[in-house]
Engineer: 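One structure coming up, written as structure tokens, with questions to follow.
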Amino acid sequence: MNENEVKQDLLDRRYMRMAFIWAENSYCKRRKVGSLLVKDKMIISDGYNGTPSGFENICEDEDNVTKPYVLHAEANAITKVARSNNSSNGATLYVTSSPCIECAKLIIQAGISRVVYSDAYRLSDGVELLKRAKIELVSVETN
């Protein structure tokens with residue numbers, strides 16, 4: 001690795017640790033996911049999985065199945081930046097779990113150029129779609 005790659009790797013690991021801390025805000029019991037949207041070394045948005053604003057903070061039904069209207073961390077970060085004066089075009093999305101297909105579509109449409117994730121989601125179709133869109137994908141292990 002050259003010096004710039006080493007610096008980027010250090011930044012990726014730091015932002016990923018922050019995304020894991022942000023995931024702690026989730027009320028979901030089955031899985032807590034956090035995300036940060038970073039552009040020019042500034043966090044421009046953040047998100048974690050949960051119900052839409054104004055809904056009860058209960059993500060699972062009585063059978064412990066995730067409710068269909070629960071938003072993923074990436075969707076929360078992307079929609080949050082859409083309501084701000086910031087642009088996600090060219091940004092990096094840090095997310096604790098690799099994106100699903102629905103979030104991958106939002107990532108592509110939001111102009112995000114890079115996705116850094118830690119854990120693999122149970123389905124890989126989102127990652128495959130991001131590869132097809134030529135979005136840089138980086139898998140980072142955290143300690």
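The structure displayed is predicted, hence computed values, not measured ones.
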Engineer: Locate the shortest heavy-atom distance separating Ala75 from Cys103; write the atom from each residue and the value.
Structural biologist: N-SG, 4.2 Å

Engineer: With a cut-off of 6.0 Å (strictly less than), are more than 12 heavy atoms of other residues, nucleotides or ligands near OH of Tyr27?
Structural biologist: no

Engineer: If you apply the rule side-chain contact (heavy atoms from CB on, under 4.5 Å), what do you find for Val65 with Glu60, and how did you get there?
Structural biologist: CA-CA 5 Å; Val65 175; Glu60 296 85 10; over 6 Å; no

Engineer: Does the side chain of Ile44 reach to within under 4.5 Å of the side chain of Val38, using non-hydrogen atoms?
Structural biologist: no

Engineer: Of all the heavy-atom pairs spanning Cys28 and Val70, show the shortest one and how long it is.
Structural biologist: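 For Cys28 versus Val70, the nearest heavy atoms are SG-CG1, 4.2 Å.
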
Engineer: Between atom CG of Leu36 and atom CZ of Arg17, what is the distance when rounded to the nearest 0.5 Å?
Structural biologist: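 Reported to 0.5 Å precision, the distance equals 12.5 Å.
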
Engineer: Could you go through Lys131 and Ile135, starting from their C-alpha distance and side-chain angles, then the distance that decides it, and tell me whether this counts as side-chain contact (heavy atoms from CB on, under 4.5 Å)?
Structural biologist: CA-CA 6 Å; Lys131 285 179 184 174; Ile135 291 175; over 6 Å; no

Engineer: Does Ser45 reach the main-chain N or O of Ala77 with its side chain, forming a donor-acceptor pair under 3.5 Å?
Structural biologist: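 A pair under 3.5 Å: yes.
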
Engineer: What is the minimum heavy-atom distance between Cys100 and Glu74, and which atoms define it?
Structural biologist: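 The answer is N-OE2, 4.3 Å.
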
Engineer: Is there a donor-acceptor contact under 3.5 Å from the side chain of Ser118 to the main chain of Val140?
Structural biologist: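 The answer is yes, because a donor-acceptor pair under 3.5 Å joins these two groups.
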
Engineer: Do Thr79 side-chain atoms and Asn76 backbone N/O form a donor-acceptor pair below 3.5 Å?
Structural biologist: yes

Engineer: Taking the side chain as everything from C-beta on, heavy atoms only, tell me whether Arg30 gets closer than 4.5 Å to Thr66.
Structural biologist: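 The answer is yes; the side chains approach within 4.5 Å.
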
Engineer: Give the minimum heavy-atom separation between Pro99 and Leu130, together with the two atoms involved.
Structural biologist: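 Residues Pro99 and Leu130, closest heavy atoms: CG-CD1, 3.9 Å.
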
Engineer: How long is the span from the CZ atom in Arg122 to the CG atom in Asp125, to the nearest 0.5 Å?
Structural biologist: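 Separation between the atoms: 9.5 Å.
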
Engineer: Step through the shown structure and confirm whether more than 12 heavy atoms of other residues, nucleotides or ligands are within 6.0 Å of CD on Glu128.
Structural biologist: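 Yes.
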
Engineer: Quick one: do Leu37 and Tyr15 end up in the same hydrophobic cluster if we chain Ile, Leu, Val, Met, Phe, Trp and Tyr together by side-chain heavy atoms under 4.5 Å apart?
Structural biologist: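 No, separate clusters.
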
Engineer: Does any N or O in the side chain of Ser113 come within less than 3.5 Å of the main-chain N or O of Gly90, such that one atom is a donor and the other an acceptor?
Structural biologist: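 Pair found, side chain donor or acceptor close to backbone of Gly90.
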
Engineer: Is any side-chain heavy atom of Arg13 closer than 4.5 Å to a side-chain heavy atom of Asp9?
Structural biologist: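 Arg13 vs Asp9: side chains touch.
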
Engineer: When you measure from the side chain of Asn49 to the backbone of Ala73, do you find a donor-acceptor pair of N or O atoms at a distance under 3.5 Å?
Structural biologist: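 No; zero donor-acceptor contacts below 3.5 Å.
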
Engineer: Does any non-hydrogen side-chain atom of Val116 lie less than 4.5 Å from one of Leu93?
Structural biologist: no

Engineer: Any side-chain heavy atom of Thr51 within less than 4.5 Å of one from Leu71?
Structural biologist: no

Engineer: Backbone N or O of Ile101 within a donor-acceptor pair of the Lys105 side chain at under 3.5 Å?
Structural biologist: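 Not at all, since once roles are kept as given, no pair shorter than 3.5 Å links the two residues.
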
Engineer: Between Ile107 and Tyr117, is there a shared hydrophobic cluster once you connect ILVMFWY residues whose side-chain heavy atoms come closer than 4.5 Å?
Structural biologist: yes

Engineer: Quick test of your reading: applying side-chain hydrogen bond (donor to acceptor under 3.5 Å, both in side chains), list the pairs with at least one residue in residues 33-43, sequence neighbours left out, ordered by first then second residue.
Structural biologist: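 Output for this query is empty, none listed.
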
Engineer: Is it the case that more than 12 heavy atoms not belonging to Glu3 sit under 6.0 Å from its CD atom?
Structural biologist: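 No, CD of Glu3 has 12 or fewer neighbouring heavy atoms, counting only those of other groups under 6.0 Å.
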
Engineer: Do any N or O atoms from the side chain of Lys67 and from the backbone of Cys59 form a donor-acceptor pair under 3.5 angstrom?
Structural biologist: no

Engineer: Same cluster or not: are Val138 and Ile43 linked, directly or through other Ile, Leu, Val, Met, Phe, Trp or Tyr residues, by side-chain heavy atoms under 4.5 angstrom apart?
Structural biologist: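 As far as the 4.5 Å side-chain criterion goes, Ile43 and Val138 are connected within one cluster.
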
Engineer: Please tell me if the side chains of Val33 and Val95 come closer than 4.5 Å, counting only heavy atoms from C-beta onward.
Structural biologist: yes

Engineer: Output yes when a side-chain donor or acceptor of Gln109 lies under 3.5 Å from a complementary backbone atom of Leu106, and no otherwise.
Structural biologist: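 Flag not set: sc Gln109 to bb Leu106 has no pair under 3.5 Å.
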
Engineer: Any side-chain donor paired with an acceptor under 3.5 Å for Asp12 and Gln8?
Structural biologist: yes

Engineer: What heavy-atom pair brings Gly126 and Ala104 nearest, and what distance separates the two atoms?
Structural biologist: O-CB, 3.5 Å

Engineer: May I ask you to list the residues sharing a hydrophobic cluster with Tyr121, side-chain cutoff 4.5 Å, ordered by chain and number?
Structural biologist: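 Leu123, listed by chain and number.
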
Engineer: Taking Trp22's backbone N and O only, do any of them form a donor-acceptor pair with Asp46's side chain (distance below 3.5 Å, no angle check)?
Structural biologist: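 Checked: no pair found.
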
Engineer: Honestly curious: do Ile78 and Tyr94 fall in one hydrophobic cluster under the side-chain, below-4.5 Å linking rule?
Structural biologist: no

Engineer: Could you check whether Ser97 and Asp119, counting side-chain N and O atoms only, form a donor-acceptor pair closer than 3.5 Å?
Structural biologist: no

